[in-house]
Amino acid sequence: MGHSRAEKAQSRERILSIAGQIIRERGIDAISIADLMKQAGLTHGAFYVHFASRDALIAAALERALQDGEAASAAGNRSGGKRTVKSIVNGYLSRAHRDGPAAGCAVSSLSGEVARSGALTRKIMMAKLDRYFESMAAASTSASDDPARARDFAMGAWSTMVGAIILSRVFAGDPKADQILLAARNVILTLDGQIEPDRPTEPTPEATGKTLM
């Protein structure tokens, strides 16, 4: 019995891992139960052993995609210590993140679709975004003396980063793709008081590295 439960858990894990990658790379509508189960090496009928419906799968896959993106970001924190605004920004606004949506942040890949989806999927993404806001606010230079300002900064910074990744992908192959990432980085760090206004946008090792969110 224990062996059977373990196999079932492994099968569910395999399904979610594949589904999470698919939706980050190609979107929620790209999920086909038949194709997904074939990739997982399982029968179509076995799907309902793990999920009550396609909507239940989508919700679970979104949760997994968000978790995987966050785990990749944590693994890419080279300092291994407390995250800073600069480390968050440099990791998120990297070429590697922009060019690897299947392994990157599900927010930048799926926010448009989730906004048009049902309440459950929106609730899942909103909860994750609230955590991102809290983390950025805690890292802000305003965190200790002005929590409200830090919260506003965090929401603005995340809105800027997500938008920058989306637009940079639109400009794939064009020099503006990198310029958008660098401009967004400098805007955020300027607002946080880490660089002076009007500083020229220059590539940094972090901005072109392999850190993901």
Side-chain angles (χ1 to χ4, degrees), residues 24 62-63 65-98 100-101 104-115 121-171 176-213:
R24 280 189 291 180
L62 175 61
E63 183 73 50
L66 290 164
Q67 289 174 353
D68 287 349
E70 191 171 21
S73 175
N77 184 11
R78 298 170 185 172
S79 67
K82 183 178 180 181
R83 302 208 70 187
T84 64
V85 169
K86 191 172 184 179
S87 71
I88 295 170
V89 171
N90 283 342
Y92 201 90
L93 297 178
S94 68
R95 287 173 179 165
H97 181 203
R98 176 196 64 204
C105 175
V107 175
S108 56
S109 298
L110 298 171
S111 56
E113 285 188 84
V114 170
T121 51
R122 285 189 285 109
K123 183 177 180 180
I124 290 170
M125 185 169 282
M126 285 190 294
K128 186 63 68 173
L129 280 167
D130 280 337
R131 286 186 57 186
Y132 290 168
F133 294 157
E134 290 171 6
S135 178
M136 181 72 85
S140 168
T141 54
S142 304
S144 59
D145 60 322
D146 194 341
R149 181 179 178 182
R151 178 75 176 181
D152 286 348
F153 164 76
M155 289 190 288
W158 269 104
S159 298
T160 300
M161 290 195 302
V162 170
I165 288 291
I166 293 171
L167 294 182
S168 184
R169 286 171 177 164
V170 170
F171 279 92
K176 288 189 181 70
D178 286 347
Q179 293 168 9
I180 288 168
L181 298 183
L182 292 168
R185 172 188 181 273
N186 283 0
V187 165
I188 294 168
L189 296 184
T190 298
L191 288 173
D192 196 44
Q194 297 197 37
I195 62 175
E196 294 296 322
D198 301 323
R199 177 179 175 178
T201 54
E202 298 175 353
T204 65
E206 296 93 338
T208 58
K210 296 182 179 180
T211 306
L212 303 179
M213 169 62 79

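None of these values were measured; they are calculated from a predicted model.
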Side chain Ser111, main chain Ser108, donor-acceptor under 3.5 Å: no
May I ask you to decide if Ala184's main-chain N or O and Thr160's side chain share a donor-acceptor pair within less than 3.5 Å? no
side-chain contact (heavy atoms from CB on, under 4.5 Å) evaluation trace for Val114 with Met126: CA-CA 10 Å; Val114 170; Met126 285 190 294; over 6 Å; no
Between CD1 on residue Ile124 and CG on residue Leu110, distance to nearest 0.5 Å: 11.5 Å
If you define the side chain from C-beta out and look only at heavy atoms, does anything of Leu181 sit under 4.5 Å from Ile165? yes
With a 4.5 Å limit on heavy-atom distance, are the side chains of Ile88 and Met161 in contact? yes
Ala143 versus Ala138, closest heavy-atom pair with distance: CB-O, 3.5 Å
Any side-chain heavy atom of Leu129 sitting closer than 4.5 Å to one from Met155? no
Would you check if Phe171 and Asp178 make a side-chain contact, meaning some heavy-atom pair closer than 4.5 Å? no
Partner of Ser140 under side chain to side chain contact (heavy atoms under 4.5 Å, CB included), picked from Asp146, Asp152, Leu191, Asp192, is Asp192
Is Arg24 reaching over with its side chain to a backbone N or O of Gly104, donor-acceptor style, under 3.5 angstrom? yes
Can a donor-acceptor pair be found, under 3.5 Å and without considering hydrogens, that links the side chain of Thr190 to the backbone of Asn186? yes
Any non-hydrogen side-chain atom of Met136 less than 4.5 Å from a side-chain atom of Arg83? no
Taking salt bridge (charged side-chain N to carboxylate O under 4.0 Å, His left out) as the definition, give me every residue that meets it alongside Arg169, ordered by chain and number, with sequence neighbours left out. none
Atom CZ of Arg98 and atom CD1 of Ile166: how far apart are they, to the nearest 0.5 Å? 14.0 Å
For the atom pair NZ (Lys128) and CG (Leu66), what is the distance rounded to the nearest 0.5 Å? 6.0 Å
Verify, without hydrogens or angle tests, whether Trp158 (side chain) and Tyr132 (backbone) share a donor-acceptor contact under 3.5 angstrom. yes
Over all heavy atoms of both residues, which pair between His97 and Gly91 is shortest? Give the atoms and the distance, please. CB-O, 4.1 Å
On a heavy-atom basis, the closest approach of Phe133 and Ala154 is O-CB, 3.2 Å
Between OG1 of Thr84 and CG of Asn90, what distance do you get to the nearest 0.5 Å? 8.0 Å
Residues Arg151, Asp130: salt bridge by 4.0 Å N-O rule: yes
